[in-house]
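Hydrogens, waters and symmetry mates play no part in the numbers below; they use all other heavy atoms, side chains included. The structure displayed is predicted, hence computed values, not measured ones. The residues of the chain are indexed from 1 along the displayed sequence.
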Amino acid sequence: MNDSEMRRRELLRQTRKLYNERQDIPAVHPRYGRIYHNLYGAGDDGAEQVKGSFYLRLVIGILCFICFVYMDQSKAEVAQVNSTTIVNQIEKTVDAETVKEVWKKL
């Protein structure tokens with residue numbers, strides 16, 4: 001090992017030590033923040049992480065389904081829409097060209 005290589009290794013060790021001792025979290029996009037914290041254990045170890053929105057979306061979906069079943073069973077109509085109208089819109093086939101035209105107009 002020559003002097004140049006030893007010097008590079010020492011600089012690399014010093015750089016690693018410098019960045020490993022930093023407690024600041026680097027700028028991480030919020031979407032990837034949880035992954036970064038799980039991989040590298042940055043930040044407070046005992047702090048709770050912010051949970052995703054899966055359960056909120058699940059509850060909203062269940063409430064929508066319950067409202068749909070209620071509308072279907074009681075033949076209710078809300079804003080001139082009933083359960084058969086909803087089913088017809090779900091089953092409706094969409095032409096790809098029509099979607100492209102609508103996007104171009106936006």
Novice: Find out if a path of hydrophobic residues (ILVMFWY) with successive side-chain heavy-atom gaps under 4.5 Å connects Phe68 to Val59.
Specialist: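 Cluster IDs for Phe68 and Val59 differ.
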Novice: Determine, using the 4.5 Å side-chain heavy-atom cutoff (strictly less than), whether Ile66 and Tyr55 are members of one ILVMFWY cluster.
Specialist: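 Both belong to a single hydrophobic cluster.
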Novice: Quick one: CZ on Arg8 to CG on Asn2, what's the gap to the nearest 0.5 Å?
Specialist: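 Atom-to-atom, Arg8:CZ and Asn2:CG are 7.0 Å apart.
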Novice: Please round to the nearest 0.5 Å and tell me the distance separating atom CD of Glu77 and atom OG of Ser83.
Specialist: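 Going from the CD atom of Glu77 to the OG atom of Ser83 covers 10.0 Å.
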Novice: Can you tell me how far NZ of Lys100 sits from CG of Asp95, rounded to the nearest 0.5 angstrom?
Specialist: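 Result: 9.5 Å between the selected atoms.
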Novice: Can you see which heavy atom on Met71 is nearest to which on Ile86, and at what distance?
Specialist: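 Looking at all heavy atoms of both residues, the shortest contact is CE-CD1, 4.1 Å.
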Novice: Using the rule that two of Ile, Leu, Val, Met, Phe, Trp, Tyr join whenever any of their side-chain heavy atoms come within less than 4.5 Å, decide whether Ile62 and Val69 are in one cluster.
Specialist: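 Different clusters.
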Novice: In Å, rounded to the nearest 0.5 Å, how long is the span from CD of Glu101 to CG of Leu106?
Specialist: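 Rounded to the nearest 0.5 Å, the CD-CG separation comes out at 12.0 Å.
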Novice: Give a yes or no on whether Tyr70 atom OH has more than 12 heavy-atom contacts from other residues, nucleotides or ligands under 6.0 Å away.
Specialist: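 Count not over threshold, so no.
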Novice: Apply the side chain to side chain contact (heavy atoms under 4.5 Å, CB included) test between Thr84 and each candidate in Asn82, Val81, Val87; give the one that qualifies.
Specialist: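 Of the listed options, the one satisfying the test is Asn82.
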